[in-house]
Amino acid sequence: MMSYVSLDTQGLKQFVHDNELGEMQAMVNAADDELRNGTGAGADFRDWLHLPTEYDKEEFARIKQAAKKIQADSEILVVIGIGGSYLGAQMAIDFLHNTFYQAQKAADRQYPLVVFAGNSLSSTYVHDLLELIGDKDFSINIVSKSGTTTEPSIAFRILKKKLIAKYGEDEANKRIYATTDKAKGALKTEADAHGYESFVIPDGVGGRYSVLCPVGLLPIAASGADIDKLMAGAAQAEKDFADADLSKNEAYQYAAYRNILYRKGYETELLENYEPNMRMFAEWWKQLAGESEGKDQKGIYPSSANFTTDLHSLGQYIQEGRRFLMETVVKLDKPNHDVKIPTEPDNLDGLGYLEGKSMDYVNTKAYEAVVAAHTDGGVPVMTVHIPQEDEYTLGYLIYFFEVAMGISGYLNGINPFNQPGVEAYKTNMFGLLGKPGYEEVGKQLRTKMAKND
């Protein structure tokens, strides 16, 4: 069965024998049972599985109304969050809008500029963001389950202060939208106290799987994108990828093939594209893959490359470096716009043979040439073909990778829905910063660092 998004595995022929996919079926069946029936680890965080069809319709309507208000009263929407609290929204906005969306004039863009904060501890970034906002009308969408994550909490304090200084506290409260826990946490408490309009991060949806809930939907809607079509694409994918039969489920095929390759020593996966506005899609995918699979001293390492740009930097290593790489290309089959290569009488650049052809034709031939070269060089390549760049396609593609990562994690004996490792650096940071309750950690770290000096 061909799905709306199709998986091309021609670039695996010399790396995977014909029988190997079928040999994975029993393991895929077991992984599917763990995922669908909640018999696997992390079962409490599977609510994303049915988000495309079982989302809160009343809240969805409120998201669209909030987006209209932001569009009417704000030139800029600042989304404050880190990890899954911003990556999905930013990748979707990049995917769905003009490549130079951020540089467009407000009149040409027609909708608010959506910018992101709280995803680093860079003081220069925050300073420059405040400068960008200047005297413009703006609103804030603070996204945090707890309300106490360091990076977004610092950014929220700073931007909230600017909002209050500009509008006064009462009006500022109407320009703050909180996406948080439904019942508990510091941000929920603050939102209730000040009357911020609030949206719920469902209990059973982890950050990296949250783009199709209010976490991603409010910023995406505010940017002018059609979230009804986004959810429709995801809903179709939910239907298409429900059967565990590998001959019928290309998302499961992708999960199975990457595990076959991983067991053969291909331990790093490069997600590649040929469209600059898909760079953030790769960043979203890297969190989805890395946090889902990188634990218990195993897992495929997720990396990315943007072609043809990175062929002029990484291409040499991919072609002739150590043989531990596999590639997954997300290939756009029909660009939103195409450009013909003009004629020049003197032909000094030697491009006469391409005159009259389109840039997308050249881009596609480059992709075909790269697959041939890399497979010859010992790198397995899979391609996920997407027909176009629009909301329906993106919703479908999001679900494709989400369900694939759930299955892939179970195939490798991993809980795909927790991330215990991210707490280690936070504990150390809190100790060094002197956060109450972490004094002993800080003392031990300072002693250790002094010895190392």
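We're numbering straight along the sequence, starting at 1.
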Anything under 30° is parallel, anything over 60° is perpendicular, the rest tilted; go ahead and classify Y438 against F430.
-> perpendicular
Mind telling me whether F417 and W48 have parallel, tilted or perpendicular rings, with 30° and 60° as the class edges?
-> tilted
Pairs where residues 77-103 contributes a residue and the test side-chain hydrogen bond (donor to acceptor under 3.5 Å, both in side chains) is met, not counting sequence neighbours | H97-S223
Would you say E389 and M278 make side-chain contact, with heavy atoms under 4.5 Å?
-> yes
CG/L77 to CG/L113 distance, rounded to the nearest 0.5 angstrom?
-> 9.0 Å
Can you check whether N29's main-chain N or O pairs, donor with acceptor, with D33's side chain at less than 3.5 Å?
-> no
Can you see which heavy atom on L51 is nearest to which on Y209, and at what distance?
-> CD1-O, 4.4 Å
Is a salt bridge present between D228 and K64, judged by a nitrogen-to-oxygen distance below 4.0 Å?
-> yes
Electrostatic pair R263:E20 at N-O distance under 4.0 angstrom = no
Exam field: side chain Q25 to backbone A244, donor-acceptor pair closer than 3.5 Å | yes
Would you say the side-chain atoms of S408 and N259 include a donor-acceptor pair closer than 3.5 Å?
-> yes
Who passes side-chain contact (heavy atoms from CB on, under 4.5 Å) against Q297, sequence neighbours left out?
-> none
Taking the side chain as every heavy atom from C-beta outward, state whether Y410 and P416 have any pair of such atoms under 4.5 Å apart.
-> yes
Hey, does the side chain of Q71 reach the backbone of A221 with a donor-acceptor pair shorter than 3.5 angstrom?
-> yes
Backbone of Q10 reached by a side-chain donor or acceptor of D8 within 3.5 Å = yes
Contacts of Y196 meeting ring pair (Phe, Tyr, Trp, His ring centres under 6.0 Å) (sequence neighbours excluded), chain-then-number -> H194
Heavy-atom distance under 4.5 Å between the side chains of T328 and W285, does that happen here?
-> no
Please check if atom NZ in K286 has more than 12 non-hydrogen atoms from other residues, nucleotides or ligands closer than 6.0 Å.
-> yes
Shortest non-hydrogen separation from L129 to A117 and the atoms involved | CD2-CB, 3.6 Å
Over 12 foreign heavy atoms within 6.0 Å of CD, E368 | yes
For R258, what residues pass the salt bridge (Lys or Arg N to Asp or Glu O under 4.0 Å) criterion, not counting sequence neighbours?
-> E269, E293
Residues K182, E59: salt bridge by 4.0 Å N-O rule | no
Residue pair E23 / I260, side-chain heavy-atom distance below 4.5 Å | no
For E54, salt bridge (Lys or Arg N to Asp or Glu O under 4.0 Å) partners two or more places apart | none
Cationic tip of K264 above Y266 ring, under 6.0 Å, 45° of axis | no
Short question: side chain of S304, backbone of L271 - any donor-acceptor pair under 3.5 Å?
-> no
S210 side chain to G207 backbone, donor-acceptor under 3.5 Å | yes
Kindly compute the distance separating OG1 (T268) from OH (Y262), expressed to the nearest 0.5 Å.
-> 10.0 Å
Any pair with a residue in residues 371-394 that passes ring pair (Phe, Tyr, Trp, His ring centres under 6.0 Å), sequence neighbours left out, goes on the list, sorted by first then second residue, please.
-> Y4-Y392
Is it true that a side-chain atom of K229 and a backbone atom of D390 form a donor plus acceptor pair closer than 3.5 Å?
-> no
Neighbour count >12 (heavy atoms, 6.0 Å) for atom CG, D18 = no
Set of residues satisfying ring pair (Phe, Tyr, Trp, His ring centres under 6.0 Å) with respect to Y111, sequence neighbours excluded = none
Taking side chain to side chain donor-acceptor pair (under 3.5 Å) as the test, write out the residues that go with Q236, two or more places apart.
-> D240
Min side-chain heavy-atom separation L35-V403 under 4.5 Å = yes
With sequence neighbours left out, what residues match K331 under salt bridge (Lys or Arg N to Asp or Glu O under 4.0 Å)?
-> none
Heavy-atom closest contact (R36 atom, R46 atom, distance) | O-NH1, 3.3 Å
Kindly compute the distance separating OG1 (T308) from CD (E272), expressed to the nearest 0.5 Å.
-> 12.0 Å
May I have all residue pairs that pass salt bridge (Lys or Arg N to Asp or Glu O under 4.0 Å) and include part of residues 306-323, sequence neighbours excluded?
-> none
Geometric cation-pi criterion, K239 with F241: 6.0 Å, 45° = no
Counting only N and O atoms by type, is there a donor-acceptor contact under 3.5 Å from the side chain of D243 to the main-chain atoms of D245?
-> yes
Determine yes or no for a side-chain-to-main-chain donor-acceptor pair under 3.5 angstrom, with Q14 supplying the side chain and T375 the backbone.
-> yes
Can you tell me which residue pairs pass the ring pair (Phe, Tyr, Trp, His ring centres under 6.0 Å) test with a partner in residues 293-331, sequence neighbours excluded?
-> Y274-F307
Which atoms form the tightest heavy-atom contact between T148 and A186, and what is the distance?
-> CG2-CB, 3.8 Å
Which atom of A242 lies closest to which atom of N249, heavy atoms considered | N-ND2, 4.1 Å
Under the salt bridge (Lys or Arg N to Asp or Glu O under 4.0 Å) rule, collect the residues that match up with D73, sequence neighbours excluded.
-> K69, R175
Taking the side chain as every heavy atom from C-beta outward, state whether I220 and E391 have any atom pair closer than 4.5 Å.
-> no
To the nearest 0.5 Å, what is the distance between OG (S139) and NZ (K174)?
-> 12.5 Å
Main-chain N/O of K298 paired to D296 side chain as donor or acceptor, under 3.5 Å | no
Mind checking whether D338 and M359 have side chains closer than 4.5 Å, heavy atoms only?
-> yes
If you look at every heavy atom in L288 and S292, which pair is closest and at what distance?
-> O-OG, 2.6 Å
Heavy-atom distance under 4.5 Å between the side chains of I93 and F116, does that happen here?
-> yes
